[in-house]
Amino acid sequence: MSVKGDYVRQWVPELQGIKGGDIHTPWTLSNSALSRAQVSLNETYPSPVITAPEWSRHINNKSSGPPAKGRKGSSYAPRQHKDRGIDFYFSKNKSF
């Protein structure tokens, strides 16, 4: 994944106006930043259905867009998975 977001800009033209790595989490941008980039959540680009609890540390709790539908985003974590980091889900060796 490109930190600059070049790959995303190439394949998701709706987000071309978003600068830098913010392109990876457009739903966390302020309304004014989205407006400058000509992005309107739920109109020109969808809001996430759910934000996995493991991603909360990656998006720096800067959520300022409309809340995601479904579970309560980063505040929701199933009890049995609360202490598992994102690496657990992508590793080949899973210890339950």
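Model, not experiment: these values are computed from the prediction.
- Applying the salt bridge (charged side-chain N to carboxylate O under 4.0 Å, His left out) test to every pair with at least one member in residues 8-18, sequence neighbours left out, gives these pairs: Asp6-Arg9.
- Contact between Ile23 and Leu15 at its shortest, heavy atoms only, is CD1-O, 3.5 Å.
- Going from atom CG of Leu41 over to atom CG of Leu29 covers 8.0 Å, rounded to the nearest 0.5 Å.
- Val39 is listed as a side-chain neighbour of Ile18, based on a closest heavy-atom distance under 4.5 Å.
- Val12 places a side-chain heavy atom less than 4.5 Å from the side chain of Tyr45.
- Side-chain N or O atoms of Thr25 include none that pairs as donor or acceptor with a backbone N or O of Thr28 at under 3.5 Å.
- Residues that satisfy the side-chain contact (heavy atoms from CB on, under 4.5 Å) test with Ser40, not counting sequence neighbours, are Glu43, Thr44.
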